[in-house]
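Encoded as structure tokens, the structure appears first; notes follow it.
Per chain, numbering begins at 1; letters A, B, ... match sequence-line order. Worth saying up front: this structure is predicted, and the values here are computed from it rather than measured.
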2 protein chains.
Amino acid sequence: MRDVAERAGVSAMTASRVLRDDPQVLPATRERVRAAATALGYRPNEVARSLRLGRGTGLVGLVVTNLANPFYSRLALGVDSVVAEHGLKTVIGNTGQDLDAERELVADLVARRVDGIIAVPAGADQRHLAAAVSGGVPVVLASRPPEGFAADCVLVDDFGGARDATARLLERGHRRIGFLGSPPAVHTGTERLRGYAAALTSAGLTVDACLVRQGQTEPSQATRAAAELLALPDPPTALFCSNNRNTIGAFRALRDVGPKDVGLRGAGVALAGFDDFELADALGLPLTLVAYDSDELGRAAGRLLNDRLHDRGSGAAGGRATAGEARQIVVPTSLVEYGT
Amino acid sequence: MRDVAERAGVSAMTASRVLRDDPQVLPATRERVRAAATALGYRPNEVARSLRLGRGTGLVGLVVTNLANPFYSRLALGVDSVVAEHGLKTVIGNTGQDLDAERELVADLVARRVDGIIAVPAGADQRHLAAAVSGGVPVVLASRPPEGFAADCVLVDDFGGARDATARLLERGHRRIGFLGSPPAVHTGTERLRGYAAALTSAGLTVDACLVRQGQTEPSQATRAAAELLALPDPPTALFCSNNRNTIGAFRALRDVGPKDVGLRGAGVALAGFDDFELADALGLPLTLVAYDSDELGRAAGRLLNDRLHDRGSGAAGGRATAGEARQIVVPTSLVEYGT
DNA sequence: CTGTTAGCGCGTTCAC
DNA sequence: GTGAACGCGCTAACAG
């Protein structure tokens, strides 16, 4: 910075003002400083800036479990696209389902002075996020509601979507419907199980525990679980899967047990699942999916965070009030039919 | 920090030492400071630390064009998993093919004092990356070689993979093979086109420009381009696609023009493509893909960067030497057959 | 083994 | 309109 100032024949202070677009500078000197800066390829040190300004670093922490899952990468993209409009960058933290790693990650993000955190917590214990909030870092939850503290969040209509999809299977005459889902600790999984159960109950049926398999995280596990259900003495005639990993896994099971004639793949067992995904139209069997805009999920989370940061900046009386009320957005779902 | 020191009855300096695991502290005092820190939920301000230490911020910038493309999200995951082992976090920058955005992004990352940058540049102009390097920020290129400056890079065997896949189609008797690829400005696209051409030449054939369609970035565009090729008076009997977007798009075109009988989908036109992808096994038609470990691509890039950062730290005589030589890693490809 | 001094690069606050 | 001093939170370098 001194170099720039010297080259322009001014003090470091004036150079600083110019580079911050402070209007209180004579246009002539401003140009000289600008020229000097570009000549030297100089950009102010953002680290020093953050420290001096006492605010955050212009970074948003994004905490997810598995970036290889398209759901999370879409979310990440949605978040980044929105916060980038406000000059913020996204720091990704991939926890791989490890709760300790998640705890450490959040603490690290706070220590790094991120402006805010958007998280899809892996487990039910969210105390580390609560700690971040009480440490003054805004937290927005995505796809899971806050547990034990107040925070903005963006949810998918897990219950409704699962209920509607299951209801559609019932409408088609299915009475034994299997359920494949994530581990019980995952909020979306249990909500979607509730939706599944509600649809059965509405139809006068009860949930048969033998037909419910929770705990599959990868398609390969789901394939195994689905195969087990299909091998039951009284097998289900339809399957509902609580997320894209399970749907894809179940698809493979149906394909493999079906007759070799590809025209009748899946042996007539109907398949439905939560989450739309690429190539769902290409599987060659009828498929009912609960679709929603997963980019929008990320964008909405980014918007909530932006609002929170902005309100805080303009310290109006209303700012405080808004800061106190946690907002909640629910992204709607719709059913889509493929392969018909 | 002062608060912690006070609570432990020591000076800020000692507290600092304890929190940095400096061994030169009496175990007793150390415990007192640790206790005070946890009691207050204190973690040192990483921003101030970075400023004082003069090193980077412990962040790695990752510059990609489209995180929604599984290729890039896998890359991101690979990078993050490796750099995280060294306590580094990944900052994502999604440029959406916008060259100006990419330039600005890189400059911003440098101003933020990232420790290094891993980039998949969108265009041929890489001067902004060269500037980062001369600014002292290590850059590793992924999937494209450095152009006009020295930098480490990780490449896929684009030429060889494309040649082998095309050769396989030729072995099966195909003589008119269409090519679908990304815009010519994309390095991988042109390399893969070269591989395609080389295979044809080896077989004594020449490239028919009518059968080459470049410029498709999204599957929908590829579907259209493929449909056009198939509608030609003398249509190709096989298609080679230079990336997963084009393969998926071409698949839809084949499926839609094929006879309604799903057993014969694709009307006998053979399909081959670069990039393996999820559900490639589920498309119900024979498919030859050029596969490679895309996670490994990211991990290798992360490792190159880690090495670079580490060598620099241990300023041995050898460090300098290594710092000068740009390394290049080529990830091998293999052919996989699906749907047979 | 512990404390004091000084400064990383910048921006606010106050003089000129 | 411009410049000089001070400090953001932390830690090398040197006392003691």
Output the rounded distance in Å from [atom1] ([X]) to [atom2] ([N]).
X        : N      : atom1 : atom2 : result
A:Gln24  : C:dT13 : CD    : P     : 13 Å
A:Glu46  : C:dC8  : CD    : C1'   : 16 Å
A:Met1   : C:dT12 : CE    : P     : 12 Å
B:Arg113 : C:dG9  : CZ    : P     : 8 Å
A:Leu51  : C:dG7  : CG    : C1'   : 12 Å
B:Arg112 : C:dG9  : CZ    : P     : 19 Å
A:Arg32  : D:dG1  : CZ    : P     : 15 Å
B:Leu40  : D:dG9  : CG    : C1'   : 16 Å

Give the nucleotide from the list C:dG11, C:dG9, C:dG3 with an atom nearest to the side chain of A:Arg49.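 Looking only at side-chain atoms, A:Arg49 lies closest to C:dG11.
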Keeping A:Asp115 on the side-chain end and A:Thr57 on the backbone end, is there a donor-acceptor pair under 3.5 Å?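 Present.
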When you measure from the side chain of B:Arg144 to the backbone N and O of B:Ala119, does any donor-acceptor pair fall under 3.5 Å?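 Side chain of B:Arg144 to backbone of B:Ala119: no pair is present.
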Under 4.0 Å between a side-chain N/O of [X] and OP1 or OP2 of [N], yes or no?
X       : N     : answer
A:Tyr42 : C:dG9 : no
B:Ser16 : D:dG9 : no
A:Arg2  : C:dG9 : no

Which residue lies more 5' along DNA chain C, comparing B:Met13 with B:Arg52 via nearest heavy atoms: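 Its nucleotide being nearer the 5' end, the pick is B:Met13.
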B:Ser11 or A:Leu53, whichever maps to the more 5' nucleotide of DNA chain C: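 The answer here is B:Ser11.
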Any donor-acceptor pair under 3.5 Å between the side chain of A:Arg17 and the base of D:dG3?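 Yes, a donor-acceptor pair under 3.5 Å.
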Report, as yes or no, whether the 6.0 Å neighbourhood of atom CD on B:Glu104 holds more than 12 heavy atoms from other residues, nucleotides or ligands.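 Yes, because the 6.0 Å sphere around CD of B:Glu104 holds more than 12 heavy atoms from other groups.
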Assign A:Thr29 to base, sugar-phosphate, or nothing according to its heavy-atom contacts below 4.0 angstrom with the strands shown.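 Sugar-phosphate: the residue A:Thr29, judged by heavy atoms under 4.0 Å, touches backbone atoms but no base.
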Base, sugar-phosphate, or nothing for A:Val47, non-hydrogen atoms under 4.0 angstrom?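 Nothing, no heavy atom under 4.0 Å.
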Can you list everything that forms a side chain to side chain contact (heavy atoms under 4.5 Å, CB included) with A:Glu85? Sequence neighbours excluded, please.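 Applying side chain to side chain contact (heavy atoms under 4.5 Å, CB included) to A:Glu85 gives none.
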With sequence neighbours left out, which residue pairs that include part of residues 8-28 of chain B fulfil the salt bridge (charged side-chain N to carboxylate O under 4.0 Å, His left out) condition?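 Counting only pairs at least two positions apart or across chains, the salt bridge (charged side-chain N to carboxylate O under 4.0 Å, His left out) contacts touching residues 8-28 of chain B are B:Asp21-B:Arg34.
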